[in-house]
**Student:** 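First the structure, then my questions, so here it is.
Quick caveat: nothing in here was measured; it's all calculated off a predicted structure.
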Amino acid sequence: MKLTHAATARPVLQVANVHKHYGSKIAVADISFEVAAGEIVGLLGPNGAGKTTTINMVLGVLEASRGQILIDGHDVMRQRRRALSATNFAAVYAPLPGNLTVEQNLRIFGLIYGVRPLQMRIDGLLQQFDLLAYRDTRCGVLSSGEQTRVCLAKALLNQPRLLLLDEPTASLDPATARDIRLQIQRIAREQGGGILWTSHNMTEVEDVCDRVLILSQGRVLLQGDPRTLASEHGAASLEDLFVRLARDPGATAPKREAGA
Amino acid sequence: MIRWPALYAIALRQLYLMRGSPTRVLPIFAWVAVDIVLWGFIARYLARVSDGVPDFTATLLGAVLLWDFFSRVMQGVTTAFLEDVWSRNFLNLFASPLSVGSYLGGLVLTSVLASLIGLAVMLALAGGVFGLSFAMLGLLLVPYLLVLFLFGIALGIFASAMVLRLGPASEWLVWPIPALLSPFAGVFYPLDTLPSWMQAIGRALPPSYVFEGLRSVVAGQGFSMPELIGGLVLALVQIALACWLFAAVFKGAIRSGLLARYSAESVA
(Lines give C-alpha, C1' and ligand atoms only; values in the text may rest on other atoms or scores of the structure.)
Protein backbone atom coordinates (compact mmCIF):
# COMPACT_ATOMS: atom_id res chain seq x y z
CA MET A 1 0.00 0.00 0.00
CA LYS A 2 1.40 3.40 -1.05
CA LEU A 3 0.16 6.31 1.00
CA THR A 4 -1.15 9.51 -0.54
CA HIS A 5 -0.71 13.04 0.76
CA ALA A 6 -3.79 14.58 -0.81
CA ALA A 7 -6.69 13.46 1.36
CA THR A 8 -8.59 16.36 2.89
CA ALA A 9 -9.48 14.73 6.22
CA ARG A 10 -6.28 12.75 6.28
CA PRO A 11 -5.28 10.78 9.35
CA VAL A 12 -2.60 12.32 11.54
CA LEU A 13 -0.68 9.04 11.43
CA GLN A 14 -0.56 6.56 8.56
CA VAL A 15 1.55 3.43 8.99
CA ALA A 16 1.62 1.33 5.82
CA ASN A 17 3.18 -2.13 5.50
CA VAL A 18 5.94 -1.23 7.93
CA HIS A 19 8.44 -3.99 8.54
CA LYS A 20 11.57 -4.06 10.70
CA HIS A 21 14.03 -6.86 11.00
CA TYR A 22 17.45 -7.21 12.60
CA GLY A 23 19.22 -9.85 10.56
CA SER A 24 16.89 -12.85 10.60
CA LYS A 25 14.95 -11.60 13.64
CA ILE A 26 11.67 -9.91 12.74
CA ALA A 27 10.69 -7.17 15.20
CA VAL A 28 7.69 -5.77 13.30
CA ALA A 29 6.05 -7.66 10.42
CA ASP A 30 4.27 -5.57 7.78
CA ILE A 31 1.91 -3.70 10.09
CA SER A 32 -0.56 -1.10 8.83
CA PHE A 33 -2.80 1.21 10.83
CA GLU A 34 -3.96 4.79 11.06
CA VAL A 35 -4.74 7.29 13.78
CA ALA A 36 -7.40 9.86 12.93
CA ALA A 37 -7.56 13.43 14.18
CA GLY A 38 -9.11 13.55 17.66
CA GLU A 39 -8.76 9.77 18.09
CA ILE A 40 -6.96 8.00 20.94
CA VAL A 41 -5.59 4.65 19.77
CA GLY A 42 -4.19 2.14 22.23
CA LEU A 43 -1.25 0.02 21.17
CA LEU A 44 -1.28 -3.11 23.31
CA GLY A 45 0.83 -6.19 23.45
CA PRO A 46 3.04 -8.30 25.69
CA ASN A 47 6.68 -7.37 26.26
CA GLY A 48 8.63 -7.81 23.03
CA ALA A 49 5.51 -7.55 20.87
CA GLY A 50 6.97 -4.67 18.85
CA LYS A 51 5.21 -1.69 20.48
CA THR A 52 8.32 0.33 21.30
CA THR A 53 9.92 -0.61 17.96
CA THR A 54 6.81 0.76 16.25
CA ILE A 55 6.89 3.95 18.33
CA ASN A 56 10.62 4.43 17.65
CA MET A 57 9.95 4.14 13.91
CA VAL A 58 7.13 6.67 14.13
CA LEU A 59 9.48 9.00 16.05
CA GLY A 60 12.13 8.72 13.33
CA VAL A 61 14.85 7.31 15.61
CA LEU A 62 14.62 3.90 13.96
CA GLU A 63 14.40 3.31 10.23
CA ALA A 64 11.92 0.75 8.96
CA SER A 65 13.35 -2.01 6.76
CA ARG A 66 10.44 -1.30 4.41
CA GLY A 67 7.08 0.44 4.41
CA GLN A 68 6.09 4.05 4.91
CA ILE A 69 5.09 6.25 7.86
CA LEU A 70 3.34 9.58 7.30
CA ILE A 71 2.69 12.09 10.07
CA ASP A 72 0.19 14.75 9.07
CA GLY A 73 0.99 13.79 5.47
CA HIS A 74 4.78 14.06 5.83
CA ASP A 75 7.09 11.08 5.39
CA VAL A 76 9.09 10.56 8.59
CA MET A 77 12.26 9.54 6.79
CA ARG A 78 12.15 11.86 3.77
CA GLN A 79 10.54 14.94 5.37
CA ARG A 80 11.91 14.38 8.83
CA ARG A 81 11.77 17.97 10.11
CA ARG A 82 8.21 18.61 8.96
CA ALA A 83 6.95 15.26 10.23
CA LEU A 84 8.63 15.58 13.62
CA SER A 85 7.51 19.22 14.02
CA ALA A 86 3.96 17.85 14.05
CA THR A 87 4.79 15.16 16.63
CA ASN A 88 5.86 14.89 20.23
CA PHE A 89 6.08 12.15 22.80
CA ALA A 90 6.40 11.19 26.44
CA ALA A 91 7.86 7.89 27.59
CA VAL A 92 8.99 6.56 30.94
CA TYR A 93 12.35 5.58 29.45
CA ALA A 94 13.04 9.09 28.10
CA PRO A 95 13.07 11.43 31.10
CA LEU A 96 14.15 15.02 30.59
CA PRO A 97 17.69 15.84 31.78
CA GLY A 98 17.63 15.78 35.57
CA ASN A 99 20.37 18.40 35.87
CA LEU A 100 18.19 21.15 34.36
CA THR A 101 15.20 22.82 35.97
CA VAL A 102 11.66 22.31 34.75
CA GLU A 103 11.54 25.70 33.06
CA GLN A 104 15.03 25.33 31.53
CA ASN A 105 14.04 21.98 29.98
CA LEU A 106 10.81 23.41 28.62
CA ARG A 107 12.63 26.44 27.19
CA ILE A 108 15.27 24.30 25.45
CA PHE A 109 12.73 21.94 23.88
CA GLY A 110 10.45 24.86 23.05
CA LEU A 111 13.28 26.43 21.04
CA ILE A 112 14.01 23.12 19.33
CA TYR A 113 10.34 22.73 18.33
CA GLY A 114 10.16 26.40 17.26
CA VAL A 115 7.35 27.27 19.72
CA ARG A 116 6.15 30.90 19.72
CA PRO A 117 5.48 32.79 21.94
CA LEU A 118 7.53 30.44 24.07
CA GLN A 119 7.33 32.06 27.51
CA MET A 120 3.53 32.25 27.35
CA ARG A 121 3.34 28.60 26.29
CA ILE A 122 5.67 27.53 29.12
CA ASP A 123 3.65 29.47 31.71
CA GLY A 124 0.43 27.94 30.40
CA LEU A 125 1.77 24.39 30.57
CA LEU A 126 3.24 24.88 34.05
CA GLN A 127 -0.19 25.95 35.19
CA GLN A 128 -2.01 23.21 33.27
CA PHE A 129 0.12 20.46 34.82
CA ASP A 130 0.27 22.04 38.28
CA LEU A 131 4.02 22.60 38.01
CA LEU A 132 4.29 26.30 38.87
CA ALA A 133 5.83 25.50 42.26
CA TYR A 134 8.54 23.42 40.55
CA ARG A 135 9.46 25.94 37.85
CA ASP A 136 13.02 26.35 39.21
CA THR A 137 13.43 22.82 40.56
CA ARG A 138 15.79 20.42 38.83
CA CYS A 139 13.89 17.60 37.17
CA GLY A 140 16.15 14.97 38.75
CA VAL A 141 14.85 15.67 42.26
CA LEU A 142 11.16 15.53 41.33
CA SER A 143 8.98 12.54 42.21
CA SER A 144 7.98 10.07 39.46
CA GLY A 145 4.56 11.66 39.16
CA GLU A 146 6.01 15.16 38.90
CA GLN A 147 8.54 14.01 36.31
CA THR A 148 5.75 12.43 34.28
CA ARG A 149 3.86 15.72 34.35
CA VAL A 150 6.99 17.58 33.17
CA CYS A 151 7.41 15.07 30.32
CA LEU A 152 3.78 15.57 29.35
CA ALA A 153 4.22 19.35 29.45
CA LYS A 154 7.23 18.96 27.13
CA ALA A 155 5.20 16.65 24.89
CA LEU A 156 2.51 19.30 24.48
CA LEU A 157 4.86 22.27 23.93
CA ASN A 158 4.32 22.33 20.16
CA GLN A 159 0.62 21.36 20.31
CA PRO A 160 1.43 18.25 18.26
CA ARG A 161 -0.93 16.82 15.66
CA LEU A 162 0.31 13.39 16.78
CA LEU A 163 1.11 12.64 20.41
CA LEU A 164 2.85 9.39 21.32
CA LEU A 165 2.52 8.25 24.90
CA ASP A 166 4.48 5.16 25.90
CA GLU A 167 3.08 3.98 29.23
CA PRO A 168 2.55 7.55 30.46
CA THR A 169 0.95 6.48 33.75
CA ALA A 170 3.22 3.51 34.54
CA SER A 171 4.84 5.07 37.60
CA LEU A 172 1.89 7.03 38.93
CA ASP A 173 -0.42 6.41 41.87
CA PRO A 174 -4.07 5.73 40.90
CA ALA A 175 -5.28 9.25 41.74
CA THR A 176 -2.52 10.99 39.76
CA ALA A 177 -2.94 8.50 36.90
CA ARG A 178 -6.65 9.31 36.73
CA ASP A 179 -5.91 13.07 36.64
CA ILE A 180 -3.41 12.57 33.83
CA ARG A 181 -5.87 10.43 31.85
CA LEU A 182 -8.54 13.10 32.15
CA GLN A 183 -6.07 15.78 31.02
CA ILE A 184 -5.01 13.76 28.01
CA GLN A 185 -8.62 13.04 27.02
CA ARG A 186 -9.34 16.76 27.26
CA ILE A 187 -6.28 17.56 25.15
CA ALA A 188 -7.39 15.14 22.42
CA ARG A 189 -10.85 16.71 22.47
CA GLU A 190 -9.71 20.34 22.47
CA GLN A 191 -6.63 20.22 20.23
CA GLY A 192 -8.03 17.75 17.75
CA GLY A 193 -4.77 15.86 17.36
CA GLY A 194 -4.40 12.08 17.39
CA ILE A 195 -2.87 10.10 20.24
CA LEU A 196 -1.11 6.74 20.10
CA TRP A 197 -1.02 5.32 23.61
CA THR A 198 0.72 2.20 24.92
CA SER A 199 -0.19 0.73 28.26
CA HIS A 200 -0.37 -2.55 30.14
CA ASN A 201 -3.27 -1.26 32.21
CA MET A 202 -6.38 -2.64 30.47
CA THR A 203 -8.82 -0.69 32.64
CA GLU A 204 -7.05 2.49 31.63
CA VAL A 205 -7.14 1.49 27.97
CA GLU A 206 -10.90 0.76 28.11
CA ASP A 207 -11.41 4.09 29.83
CA VAL A 208 -9.33 6.25 27.50
CA CYS A 209 -8.94 4.72 24.05
CA ASP A 210 -11.38 4.97 21.16
CA ARG A 211 -9.76 2.00 19.46
CA VAL A 212 -7.08 -0.54 20.34
CA LEU A 213 -4.56 -2.52 18.31
CA ILE A 214 -3.24 -5.70 19.89
CA LEU A 215 0.25 -6.60 18.76
CA SER A 216 2.03 -9.89 19.25
CA GLN A 217 5.27 -11.10 17.71
CA GLY A 218 5.43 -7.95 15.59
CA ARG A 219 1.95 -8.38 14.02
CA VAL A 220 -1.38 -6.66 14.59
CA LEU A 221 -3.58 -9.56 15.77
CA LEU A 222 -6.75 -7.67 16.54
CA GLN A 223 -8.16 -4.20 16.50
CA GLY A 224 -11.41 -2.63 17.55
CA ASP A 225 -13.35 -0.84 20.25
CA PRO A 226 -11.76 -1.69 23.63
CA ARG A 227 -15.20 -1.80 25.25
CA THR A 228 -16.56 -4.48 22.90
CA LEU A 229 -13.47 -6.27 21.60
CA ALA A 230 -13.34 -8.77 24.47
CA SER A 231 -16.93 -9.92 24.11
CA GLU A 232 -16.60 -10.09 20.32
CA HIS A 233 -13.81 -12.61 20.85
CA GLY A 234 -15.40 -14.58 23.66
CA ALA A 235 -13.30 -13.19 26.50
CA ALA A 236 -14.61 -12.00 29.85
CA SER A 237 -12.55 -8.80 29.74
CA LEU A 238 -9.95 -7.01 27.68
CA GLU A 239 -7.36 -8.26 30.15
CA ASP A 240 -8.48 -11.89 29.63
CA LEU A 241 -8.29 -11.40 25.86
CA PHE A 242 -4.82 -9.86 26.23
CA VAL A 243 -3.57 -12.75 28.38
CA ARG A 244 -4.99 -15.31 25.96
CA LEU A 245 -3.32 -13.66 22.97
CA ALA A 246 -0.06 -13.19 24.83
CA ARG A 247 0.06 -16.94 25.56
CA ASP A 248 -1.25 -18.08 22.19
CA PRO A 249 -1.16 -15.44 19.41
CA GLY A 250 -3.27 -17.74 17.20
CA ALA A 251 -6.19 -17.76 19.65
CA THR A 252 -8.23 -14.93 18.12
CA ALA A 253 -11.39 -16.93 17.23
CA PRO A 254 -14.62 -15.74 18.89
CA LYS A 255 -15.27 -18.50 21.46
CA ARG A 256 -18.89 -17.56 22.03
CA GLU A 257 -19.76 -18.15 18.38
CA ALA A 258 -17.80 -21.41 18.37
CA GLY A 259 -19.76 -22.68 21.37
CA ALA A 260 -23.16 -21.50 20.18
CA MET B 1 19.83 22.38 7.38
CA ILE B 2 20.66 24.65 10.33
CA ARG B 3 17.87 26.34 12.31
CA TRP B 4 19.22 29.07 14.59
CA PRO B 5 16.71 28.71 17.47
CA ALA B 6 17.53 25.00 17.71
CA LEU B 7 21.27 25.70 17.52
CA TYR B 8 20.87 28.32 20.24
CA ALA B 9 18.93 25.80 22.36
CA ILE B 10 21.86 23.37 22.37
CA ALA B 11 24.29 26.12 23.43
CA LEU B 12 21.81 27.49 26.00
CA ARG B 13 21.57 24.03 27.57
CA GLN B 14 25.33 24.10 28.21
CA LEU B 15 25.13 27.62 29.60
CA TYR B 16 22.42 26.52 32.04
CA LEU B 17 24.55 23.58 33.12
CA MET B 18 27.60 25.76 33.72
CA ARG B 19 25.59 28.37 35.58
CA GLY B 20 24.15 25.74 37.88
CA SER B 21 27.34 23.78 38.49
CA PRO B 22 30.76 25.32 39.32
CA THR B 23 32.37 21.91 38.76
CA ARG B 24 31.66 22.34 35.05
CA VAL B 25 33.22 25.82 34.97
CA LEU B 26 36.38 24.92 36.86
CA PRO B 27 37.95 22.67 34.17
CA ILE B 28 37.88 25.60 31.72
CA PHE B 29 40.55 27.26 33.88
CA ALA B 30 42.03 24.66 36.21
CA TRP B 31 44.08 22.41 33.92
CA VAL B 32 45.17 25.33 31.79
CA ALA B 33 46.41 27.13 34.89
CA VAL B 34 48.27 24.04 36.10
CA ASP B 35 49.95 23.63 32.70
CA ILE B 36 50.93 27.29 32.49
CA VAL B 37 52.45 27.28 35.97
CA LEU B 38 54.29 23.96 35.44
CA TRP B 39 55.71 24.81 32.02
CA GLY B 40 56.34 28.41 32.99
CA PHE B 41 58.71 27.30 35.75
CA ILE B 42 60.31 24.63 33.54
CA ALA B 43 60.97 27.29 30.90
CA ARG B 44 62.37 29.64 33.54
CA TYR B 45 64.70 26.91 34.84
CA LEU B 46 65.88 25.95 31.34
CA ALA B 47 66.58 29.59 30.55
CA ARG B 48 68.75 29.83 33.70
CA VAL B 49 70.86 26.70 33.04
CA SER B 50 71.37 27.24 29.32
CA ASP B 51 72.98 30.62 28.74
CA GLY B 52 72.78 31.90 25.22
CA VAL B 53 69.91 29.68 24.14
CA PRO B 54 67.01 31.72 22.71
CA ASP B 55 63.88 32.56 24.64
CA PHE B 56 62.58 29.36 26.23
CA THR B 57 59.58 31.11 27.73
CA ALA B 58 58.27 32.18 24.36
CA THR B 59 58.86 28.81 22.65
CA LEU B 60 57.90 26.37 25.41
CA LEU B 61 55.21 28.30 27.21
CA GLY B 62 53.76 29.62 23.97
CA ALA B 63 53.54 26.06 22.61
CA VAL B 64 51.89 24.76 25.78
CA LEU B 65 49.43 27.61 25.79
CA LEU B 66 48.41 27.12 22.18
CA TRP B 67 48.17 23.33 22.51
CA ASP B 68 45.98 23.76 25.60
CA PHE B 69 43.79 26.12 23.59
CA PHE B 70 43.34 23.47 20.90
CA SER B 71 42.60 20.79 23.53
CA ARG B 72 40.00 23.02 25.20
CA VAL B 73 38.24 23.63 21.88
CA MET B 74 38.06 19.92 21.18
CA GLN B 75 36.90 19.08 24.69
CA GLY B 76 34.36 21.90 24.50
CA VAL B 77 32.63 20.03 21.69
CA THR B 78 32.96 16.54 23.18
CA THR B 79 31.92 17.56 26.70
CA ALA B 80 28.75 19.21 25.38
CA PHE B 81 28.03 16.02 23.39
CA LEU B 82 28.76 13.79 26.39
CA GLU B 83 26.29 15.79 28.51
CA ASP B 84 23.59 14.28 26.28
CA VAL B 85 25.08 10.80 26.71
CA TRP B 86 25.24 11.19 30.50
CA SER B 87 21.70 12.54 30.77
CA ARG B 88 20.29 9.93 28.31
CA ASN B 89 18.88 12.74 26.22
CA PHE B 90 19.30 11.43 22.66
CA LEU B 91 15.75 10.15 22.33
CA ASN B 92 14.29 13.51 23.41
CA LEU B 93 16.63 15.42 21.10
CA PHE B 94 16.52 13.32 17.97
CA ALA B 95 12.83 12.43 18.06
CA SER B 96 12.34 16.18 17.50
CA PRO B 97 12.79 18.42 14.43
CA LEU B 98 16.41 19.05 15.51
CA SER B 99 18.74 18.46 12.54
CA VAL B 100 22.26 17.08 12.79
CA GLY B 101 23.53 20.43 11.43
CA SER B 102 21.79 22.44 14.16
CA TYR B 103 22.97 20.00 16.82
CA LEU B 104 26.61 20.16 15.71
CA GLY B 105 26.33 23.94 15.33
CA GLY B 106 25.15 24.16 18.93
CA LEU B 107 28.07 22.04 20.15
CA VAL B 108 30.50 24.28 18.23
CA LEU B 109 28.96 27.49 19.59
CA THR B 110 29.26 26.08 23.11
CA SER B 111 32.91 25.30 22.51
CA VAL B 112 33.62 28.77 21.05
CA LEU B 113 32.31 30.48 24.19
CA ALA B 114 34.08 28.16 26.63
CA SER B 115 37.40 28.21 24.78
CA LEU B 116 37.44 32.00 24.46
CA ILE B 117 37.05 32.29 28.23
CA GLY B 118 39.82 29.72 28.67
CA LEU B 119 42.06 31.59 26.22
CA ALA B 120 41.61 34.88 28.08
CA VAL B 121 42.62 33.22 31.36
CA MET B 122 45.63 31.55 29.69
CA LEU B 123 46.89 34.81 28.22
CA ALA B 124 46.38 36.70 31.48
CA LEU B 125 48.22 34.06 33.51
CA ALA B 126 51.10 33.55 31.05
CA GLY B 127 51.55 37.31 30.62
CA GLY B 128 51.04 38.29 34.24
CA VAL B 129 53.15 35.63 35.96
CA PHE B 130 55.77 34.70 33.34
CA GLY B 131 55.89 37.80 31.16
CA LEU B 132 54.93 35.89 28.01
CA SER B 133 53.70 38.24 25.34
CA PHE B 134 52.36 37.38 21.93
CA ALA B 135 53.01 40.94 20.78
CA MET B 136 55.83 39.74 18.53
CA LEU B 137 53.27 37.73 16.54
CA GLY B 138 50.91 40.68 16.21
CA LEU B 139 47.96 39.94 13.96
CA LEU B 140 49.57 36.65 12.93
CA LEU B 141 48.26 35.20 16.17
CA VAL B 142 44.71 35.37 14.79
CA PRO B 143 45.12 32.98 11.82
CA TYR B 144 47.29 30.64 13.92
CA LEU B 145 44.61 30.49 16.62
CA LEU B 146 42.00 30.03 13.91
CA VAL B 147 43.78 26.96 12.53
CA LEU B 148 44.00 25.44 16.01
CA PHE B 149 40.39 26.32 16.69
CA LEU B 150 39.15 24.73 13.45
CA PHE B 151 41.16 21.57 14.04
CA GLY B 152 39.83 21.38 17.62
CA ILE B 153 36.28 21.57 16.24
CA ALA B 154 37.02 18.89 13.63
CA LEU B 155 38.53 16.55 16.19
CA GLY B 156 35.70 17.22 18.68
CA ILE B 157 33.09 16.28 16.08
CA PHE B 158 35.13 13.22 15.06
CA ALA B 159 35.39 12.10 18.71
CA SER B 160 31.63 12.61 19.21
CA ALA B 161 30.92 10.48 16.13
CA MET B 162 33.21 7.81 17.58
CA VAL B 163 31.30 7.75 20.90
CA LEU B 164 27.96 7.68 19.04
CA ARG B 165 29.15 4.70 17.01
CA LEU B 166 31.01 2.73 19.70
CA GLY B 167 28.72 3.48 22.64
CA PRO B 168 28.97 5.37 25.92
CA ALA B 169 31.81 3.20 27.24
CA SER B 170 34.11 4.53 24.49
CA GLU B 171 34.14 7.91 26.24
CA TRP B 172 37.51 7.10 27.77
CA LEU B 173 39.01 7.02 24.26
CA VAL B 174 38.20 10.70 23.79
CA TRP B 175 40.26 12.27 26.55
CA PRO B 176 43.76 11.07 25.51
CA ILE B 177 43.37 12.13 21.85
CA PRO B 178 45.28 15.47 22.20
CA ALA B 179 48.12 13.75 24.09
CA LEU B 180 48.22 11.04 21.42
CA LEU B 181 48.56 13.60 18.62
CA SER B 182 51.05 15.97 20.27
CA PRO B 183 54.22 13.98 19.40
CA PHE B 184 53.21 14.04 15.72
CA ALA B 185 52.19 17.72 15.63
CA GLY B 186 55.67 19.00 16.54
CA VAL B 187 54.40 21.07 19.43
CA PHE B 188 57.78 21.33 21.17
CA TYR B 189 60.24 20.48 18.38
CA PRO B 190 60.56 20.93 14.60
CA LEU B 191 58.93 18.26 12.45
CA ASP B 192 62.28 17.31 10.91
CA THR B 193 63.28 15.94 14.33
CA LEU B 194 60.86 13.08 13.72
CA PRO B 195 61.38 9.93 11.63
CA SER B 196 59.86 10.22 8.18
CA TRP B 197 56.70 8.15 8.95
CA MET B 198 55.91 10.40 11.90
CA GLN B 199 56.56 13.47 9.76
CA ALA B 200 54.04 12.19 7.22
CA ILE B 201 51.39 11.93 9.94
CA GLY B 202 52.43 15.33 11.30
CA ARG B 203 51.87 16.98 7.92
CA ALA B 204 48.27 15.74 7.95
CA LEU B 205 47.73 17.60 11.23
CA PRO B 206 47.00 21.34 10.86
CA PRO B 207 48.64 22.26 14.23
CA SER B 208 52.03 21.18 12.85
CA TYR B 209 51.86 24.15 10.40
CA VAL B 210 51.06 26.46 13.29
CA PHE B 211 53.94 25.35 15.50
CA GLU B 212 56.45 25.29 12.65
CA GLY B 213 55.37 28.83 11.76
CA LEU B 214 55.54 30.07 15.33
CA ARG B 215 59.04 28.69 15.85
CA SER B 216 60.12 30.41 12.68
CA VAL B 217 58.70 33.76 13.79
CA VAL B 218 60.22 33.48 17.28
CA ALA B 219 63.59 32.69 15.67
CA GLY B 220 63.23 35.88 13.59
CA GLN B 221 62.91 34.05 10.27
CA GLY B 222 59.42 35.30 9.40
CA PHE B 223 56.58 32.98 8.42
CA SER B 224 55.49 31.11 5.34
CA MET B 225 52.13 32.22 3.95
CA PRO B 226 51.63 29.02 1.86
CA GLU B 227 52.21 26.92 4.99
CA LEU B 228 49.68 28.99 6.92
CA ILE B 229 47.08 28.73 4.17
CA GLY B 230 47.85 25.01 3.83
CA GLY B 231 47.11 24.50 7.53
CA LEU B 232 43.91 26.52 7.26
CA VAL B 233 42.64 24.61 4.22
CA LEU B 234 43.55 21.27 5.80
CA ALA B 235 41.59 22.17 8.95
CA LEU B 236 38.53 23.22 6.92
CA VAL B 237 38.62 19.99 4.93
CA GLN B 238 38.87 18.01 8.17
CA ILE B 239 35.83 19.82 9.62
CA ALA B 240 33.84 18.92 6.51
CA LEU B 241 35.00 15.29 6.80
CA ALA B 242 34.17 15.15 10.52
CA CYS B 243 30.65 16.53 9.90
CA TRP B 244 30.16 14.01 7.10
CA LEU B 245 31.34 11.21 9.39
CA PHE B 246 29.00 12.28 12.20
CA ALA B 247 26.04 12.47 9.79
CA ALA B 248 26.92 9.02 8.39
CA VAL B 249 27.22 7.50 11.87
CA PHE B 250 23.93 9.14 12.87
CA LYS B 251 22.20 7.73 9.81
CA GLY B 252 23.66 4.30 10.52
CA ALA B 253 22.50 4.55 14.16
CA ILE B 254 18.94 5.21 12.97
CA ARG B 255 19.08 2.28 10.56
CA SER B 256 20.56 -0.19 13.04
CA GLY B 257 18.48 0.89 16.04
CA LEU B 258 21.57 2.05 17.95
CA LEU B 259 20.14 5.54 18.50
CA ALA B 260 16.89 4.15 19.92
CA ARG B 261 18.82 1.79 22.21
CA TYR B 262 21.43 4.38 23.24
CA SER B 263 19.49 5.60 26.28
CA ALA B 264 19.19 2.10 27.64
CA GLU B 265 22.87 1.35 26.98
CA SER B 266 23.90 4.56 28.74
CA VAL B 267 22.83 3.10 32.02
CA ALA B 268 24.10 -0.42 31.33
**Student:** Checking heavy atoms, do the side chain of A:R82, its backbone, both or neither come under 4.5 Å from chain B?
**Tutor:** neither

**Student:** Chain B heavy atoms under 4.5 Å from A:Y113: which part of the residue, side chain, backbone, both or neither?
**Tutor:** both

**Student:** Can the ring centroids of B:Y103 and B:F250 be said to lie less than 6.0 angstrom from one another?
**Tutor:** no

**Student:** Can you label the angle between the B:F70 ring and the B:F151 ring as parallel, tilted or perpendicular, going by 30° and 60°?
**Tutor:** parallel

**Student:** Quick check on B:S96 against chain A: is it the side chain, the backbone, both or neither that has a heavy atom closer than 4.5 Å?
**Tutor:** both

**Student:** Hey, is CH2 on B:W175 packed in by over 12 heavy atoms from elsewhere, all under 6.0 Å?
**Tutor:** yes

**Student:** If we count only N and O atoms by modelled type, under 3.5 Å, do the side chains of A:D123 and A:Q119 hold a donor and an acceptor together?
**Tutor:** yes

**Student:** Which one, A:V76, A:L62, A:N56, leads in non-hydrogen pairs under 4.5 Å with chain B?
**Tutor:** A:L62

**Student:** Less than 4.0 angstrom from a charged side-chain N to a carboxylate O is my criterion; do A:D72 and A:R10 meet it?
**Tutor:** yes

**Student:** Hey, are A:E190 and A:Q159 close enough side-chain-wise for a donor-acceptor pair under 3.5 Å?
**Tutor:** no

**Student:** Heavy-atom pairs under 4.5 Å with chain B are the metric here; pick the option from A:R80, A:K20, A:R81 that has the most.
**Tutor:** A:R81

**Student:** Please flag which part of A:S85 lies under 4.5 Å from any non-hydrogen atom of chain B: side chain, backbone, both or neither.
**Tutor:** both

**Student:** Among A:T101, A:L164, A:N99, A:N158, single out the residue with the greatest number of heavy-atom pairs under 4.5 Å to chain B.
**Tutor:** A:N99

**Student:** What part of A:M57 lies closer than 4.5 angstrom to a heavy atom of chain B: side chain, backbone, both or neither?
**Tutor:** neither

